[in-house]
Amino acid sequence: MAQLTESVRLEQKGDIAVITISNPPVNALSYHVRQGLIDGIKEAETSSATAIVLICDGRTFIAGADITEFSQAPKPPSLQAGQDAMENCSKPVIAAIHGTALGGGLEVALCAHYRVALETAQFGLPEVKLGLLPGAGGTQRLPRVTGPAKALEMMTSGEPISASEALECGLIDEIVDDLEIGAIAFAERAVSDSLPLLRIRDRSDKISDAEVSLFDNFRKSIAKKTRGFLAPEYNIRCIEAAVNLPFEAGLTREQELFSDLMRGLQSTAQQYYFFAERAALKIPGLPKDTSLIDIQRCGILGAGTMGGGIAMNFVNIGIPVTLVERDQESLNRGLAVVRANYERTAARGGITSEDVENRMALISSSTDKNSFADCDLIIEAVFENMDLKKEIFRELDAICHPGAILASNTSALDINEIASATNRPESVVGMHFFSPANVMKMLEVVRGDATSDSVIATAMSIGKRIKKTPVLCGVCHGFIGNRMLFMRGIEAEKMLLEGATPAQIDQVLFDFGFPMGPFAMMDLAGLDIGWQESTSSSSTIREILCETGRRGQKNGLGFYTYDSTTRAPTPDQDVVALIREFAESKHIPQREITNQEILERCLYPMVNEGAKILEEEIAIRGSDVDVVWINGYGWPMYTGGPMF
Ligand code: 3H9
């Protein structure tokens, strides 16, 4: 065996040379990997070996370029030198893939003459998620193997495909049971059967008859989802180049567009976000080996929109749920909504109808809180009222087994006060899901003064397992997300009173990149959340709207008027008149407010509040605040978030 560089070794097994990359945690293409790849191919080519297998140690095949190197001066050798060595090698080169072949990793595999993989392997070009495009020939090779339609899908979504899909579209040649044995057997067969040394760059069979309309139709199909992002369009342009230009010219185009993106703010922001999301999982002072509480069954109190959505997250990963409501009718209604959600997903092909039944079977329902006795984590999702929550936690404390975690889905209330109603404040934690809870990725985990390390670690870990992005925060009104949202709301309402309209303010924030502005968002949530007729005193615009019977989208009348079938909003002159009347009663002078002023007055108070949240150590780091706003409220990721 020869150790070629710190991360690459070469061995001969029978007649086959095996180059092994060992660069934990994900075998990223650091400079020593690139050097080892070049050296390995060269040495194997001049050795007595008849073919070469490229394989990786650890949990995965190469997961891409080393993103930490992007911010540094380029270090030789180039990846292309290694890829050229593979592609032009005079002996068959077989890539043996397990885990995830992503980005530069897949681009390396595409330079082998053949690819074999484990059934569990995944293949993707996720560069678009980093604001980039595959810059190591991937944009030119992938469409040549899969055809442009599949390449468009993979490169603009960044989502990986499975081994069986990869086999079907020609991306790999064989699925094997044992990676090394299977790859060596394939290599031996390549030699004995004199299989040709296939270079993907020479192929044109899958791209020669691409329809011109393919690209424009595809652009239209992703326009809404990718609004504001540069990288998806740049990826499409590269695939167009693959179809229209010779291979080398296509590579040149790829390089130009890659450099453009790499120099831009969007890719810097998206790379920052990649590490921000991972940093959020690291809790200073919480030992890595903190013991986790085993969550075998989850209890959820409240089968409304929130409770039902939360339940889906758990059953989706096979954790049984006990769903409790105060009466059978509400319970039935909640279960029907969950079923309808699953059936919609099944109708779209996301899951099978068998999955629907299996998931529903994991939910047991009851109108008796005593059913929580065998649950290890109980999440309360009833409406926001401190007295009610304290009463509930007192009851849960008596019912639930010692060590069970009692969590509240409150979006603003004091977790310490809730915990004070129990004899186990160390087991009480906030788990604030965002609506709709089965879709939104954000989860604020709220640490009370007494919450134990093991409860925090479990809440963060289960959050990740149910595919959320958990962020830990401390107790304050509204935690990270809603506390900052309140500040934006205050300023937005002030601007309404000074002369702006709801539609103008919403448009400015939509153009900045939010999915919707503050007034459309309030209409969606319901204007009457927290409003009571008996105490309403016409003291805010929202109160006035509620008093005139406007409840938001749900009754078709809010800051906007909503079409009863399409739900499309139309600005409403009656609302503007109510606002002007209210401003006059307060003697507020009217003036024209520019879009720039609106943007600044909406965003800066949030940035300011974010800084206070950091100062008070409610958030651990600035990037956690960005993760909350990007995932919880749709702050455009390509700007990096309020603190970035
Ligand atoms: C690219 O390839 C460009 C080329 O086209 C052009 C080249 C010229 N680099 O996610 P995890 C770290 S762009 C450096 O928790 P998992 C990560 O920060 C790249 N570090 O594990 C974390 O560190 P820590 C295209 C990386 O099992 C640790 O590894 N490729 C990289 O949940 C574990 O990561 C991608 O975008 C990297 N490329 O998921 C793939 N990747 O422990 C990005 C990971 O200190 N990676 N780290 O926090 C992933 O999607 C996931 O990490 C993966 C594993 C699915 C691989």
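When a ligand or atom number is given, it counts from 1 through the structure's own listing order.
Summarising the local packing, CZ of Arg465 is surrounded by 12 or fewer heavy atoms from other residues, nucleotides or ligands at distances under 6.0 Å.
When non-hydrogen atoms are compared, ligand 1 lies under 4.0 Å from the backbone of Ile67 as well as from its side chain. Contacts between Lys129 and ligand 1, counted as non-hydrogen atom pairs separated by less than 4.0 Å, are absent for every part of the residue. Proximity of Pro126 to ligand 1, defined as any heavy-atom pair under 4.0 Å, is confined to the side chain (atoms from C-beta onward). Heavy atoms from both the backbone and the side chain of Ala65 come within less than 4.0 Å of ligand 1. Contacts between Lys464 and ligand 1 below 4.0 angstrom, taking non-hydrogen atoms only, involve the side chain exclusively. Under 4.0 Å from ligand 1, heavy atoms of Asp66 appear from its side chain as well as its backbone.
Against a heavy-atom cut-off of under 4.0 Å, Gly103 is close to the following atoms of ligand 1: 2 (O), 25 (C). Near Phe275, the atoms of ligand 1 lying under 4.0 angstrom from a non-hydrogen atom of the residue are 18 (O). The contact set between ligand 1 and Pro134, taken as ligand atoms under 4.0 Å from a residue heavy atom, comprises 5 (O). Short contacts between ligand 1 and Thr100, defined as distances under 4.0 Å to a heavy atom of the residue, involve ligand atoms 56 (C).
Here Trp629 pairs with Tyr633 under the ring pair (Phe, Tyr, Trp, His ring centres under 6.0 Å) rule; sequence neighbours left out. In terms of the side-chain hydrogen bond (donor to acceptor under 3.5 Å, both in side chains) criterion, residue partners of Asp260 (sequence neighbours excluded) are, by chain and number, Arg263.
With hydrogens left out, the protein atom closest to atom 3 (C) of ligand 1 is Glu127 OE2, 3.6 Å, a heavy atom. Remark: minimum distance from atom 42 (O) of ligand 1 to any protein heavy atom is reached at Lys282 NZ, 4.2 Å. Nearest to atom 27 (O) of ligand 1 among the protein's heavy atoms is Arg59 NH2, 3.0 Å. Of the protein's non-hydrogen atoms, the one nearest atom 6 (C) of ligand 1 is Gly135 N, 3.6 Å. Among protein heavy atoms, atom 31 (C) of ligand 1 sits closest to Val26 CG2, 3.7 Å. Among protein heavy atoms, atom 56 (C) of ligand 1 sits closest to Ala63 CB, 3.5 Å. The nearest heavy-atom contact from the protein to atom 12 (C) of ligand 1 is Pro25 CG, 4.3 Å. In this structure, the protein non-hydrogen atom closest to atom 55 (C) of ligand 1 is Leu102 CD1, 3.9 Å.
The pair Glu107-Arg141 does not count as a salt bridge, with every side-chain nitrogen at least 4.0 angstrom from each carboxylate oxygen. Classification of Glu165 and Lys150 as a salt-bridged pair holds, one side-chain N sitting under 4.0 Å from a carboxylate O. Using a 4.0 Å cut-off between charged nitrogen and carboxylate oxygen, Glu240 and Arg253 do not count as a salt-bridge pair. Here Asp57 pairs with Arg9 in a salt bridge; the nearest charged N to carboxylate O distance falls below 4.0 Å. Between Lys129 and Glu159, at least one side-chain N (NZ, or NE/NH1/NH2) sits under 4.0 Å from a carboxylate O, which counts as a salt bridge. Salt bridge present: Arg34 and Glu69 bring a charged side-chain N and a carboxylate O closer than 4.0 Å. At a threshold of 4.0 Å, the pair Glu45-Lys42 does not count as salt-bridged, since none of the basic side-chain nitrogens sits closer than that to a carboxylate oxygen.
With a 4.5 Å cut-off on side-chain heavy atoms, Ile618 and Phe479 do not count as touching.
Per-atom contact check: atom 23 (O) of ligand 1 does not touch the protein, criterion being a heavy-atom distance below 4.0 Å. Under the 4.0 Å distance rule, the nearest protein heavy atom to atom 53 (C) of ligand 1 falls outside the cut-off.
Judged purely by atom type and a 3.5 angstrom limit, Thr639 has no side-chain atom pairing as donor or acceptor with the backbone of Trp635. No side-chain donor-acceptor contact under 3.5 Å links Gln140 to the backbone of Thr252.
Between Leu130 and ligand 1, no N or O atom pair is found at a separation short of 3.5 Å.
For atom 4 (C) of ligand 1, the candidate residues are Gln270, Glu107, Arg278; the nearest heavy-atom contact is made by Glu107.
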